[in-house]
Amino acid sequence: QVQLVESGGGLVQAGDSLRLSCAASGRAFSSSVMAWFRQAPGKEREFVVGINWGIGSTYYADSVKGRFTISGDNAKNTVYLQMNRLKPEDTAVYYCAAGGGVVVTTPLGYDYWGQGTQVTVSS
């Protein structure tokens, strides 16, 4: 089994930055794709960004392009989400997800999920 643990969320003001971390653990972890999703109250869980470890490619939602950056350390099974110039509309619970194959934007494409970390951006 695989465990994903997010950290780094908090309460910030518009324009501030945060860096989220997702640490994966567990025997025989072989997920080739990791992604960040977010879910605001009353909204569906939405794709933010994903990374394919095998080819080193990244895919960003239009709403965060130019502001968010995903990176990782495969040797440490850790993925990061650097969030800059945060906006109130970024407020949500952010979830780390892991799967195999290719990056997809639907939550159904991922096998493992973290517990989520709250990001709140005030105006």
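Small disclaimer: the values here were computed from a predicted structure and weren't measured. Just so it is clear, the values below take in all heavy atoms, side chains as well, and ignore hydrogens, waters and symmetry mates.
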Taken to the nearest 0.5 Å, the spacing of Lys76 NZ from Ser25 OG works out to 15.0 Å
Here the gap from Cys22 atom SG to Asn77 atom CG, rounded to the nearest 0.5 Å, amounts to 10.0 Å
Given 3.5 Å as the limit, does a donor-acceptor pair link the side chain of Glu6 with the main chain of Cys96, or not? yes
| message | Donor-acceptor check, side chain of Ser32 to backbone of Gly101, threshold 3.5 angstrom: yes or no? | response | yes
Between [X] and [Y], which heavy-atom pair has the shortest distance, and what is it?
X      : Y     : result
Ala24  : Leu4  : CB-CD2, 3.5 Å
Val119 : Met83 : CG2-CE, 3.9 Å
Trp36  : Leu81 : NE1-CB, 3.5 Å
Ala98  : Met34 : CB-CG, 4.2 Å
Gly54  : Asn52 : N-OD1, 2.9 Å

Applying ring-ring contact (aromatic ring centres under 6.0 Å, His included) to Phe47 and not counting sequence neighbours gives Phe37
Would you kindly say whether Tyr80 and Thr78 are connected by a side-chain donor-acceptor distance under 3.5 Å? no
- Consider only side-chain heavy atoms of I, L, V, M, F, W and Y, link residues closer than 4.5 Å, and tell whether Trp53 and Tyr60 are in one cluster. yes
For residues 51-65, the salt bridge (charged side-chain N to carboxylate O under 4.0 Å, His left out) pairs (sequence neighbours left out) are Asp62-Lys65
Quiz item: Any side-chain heavy atom of Thr117 sitting closer than 4.5 Å to one from Val93?
Solution: no
- Query: Does any non-hydrogen side-chain atom of Tyr59 lie less than 4.5 Å from one of Val103?
  - Reply: yes
What donor-acceptor contacts under 3.5 angstrom involve side-chain atoms of residues 8-21, with partners at least two apart or in another chain?
| unit_1 | atom_1 | unit_2 | atom_2 | d |
| --- | --- | --- | --- | --- |
| Asp16 | OD2 | Gln13 | N | 3.2 |
| Ser17 | OG | Asn84 | OD1 | 2.9 |

Here the side chain to side chain donor-acceptor pair (under 3.5 Å) pairs for residues 89-104, sequence neighbours left out, are Arg38-Asp90, Arg38-Tyr94, Arg67-Asp90
Sorted by chain and number, sequence neighbours left out, side-chain contact (heavy atoms from CB on, under 4.5 Å) with Val104 holds for Val102, Thr106, Tyr110
Taken in chain and number order and not counting sequence neighbours, the residues that satisfy side-chain contact (heavy atoms from CB on, under 4.5 Å) with Lys43 are Ala40
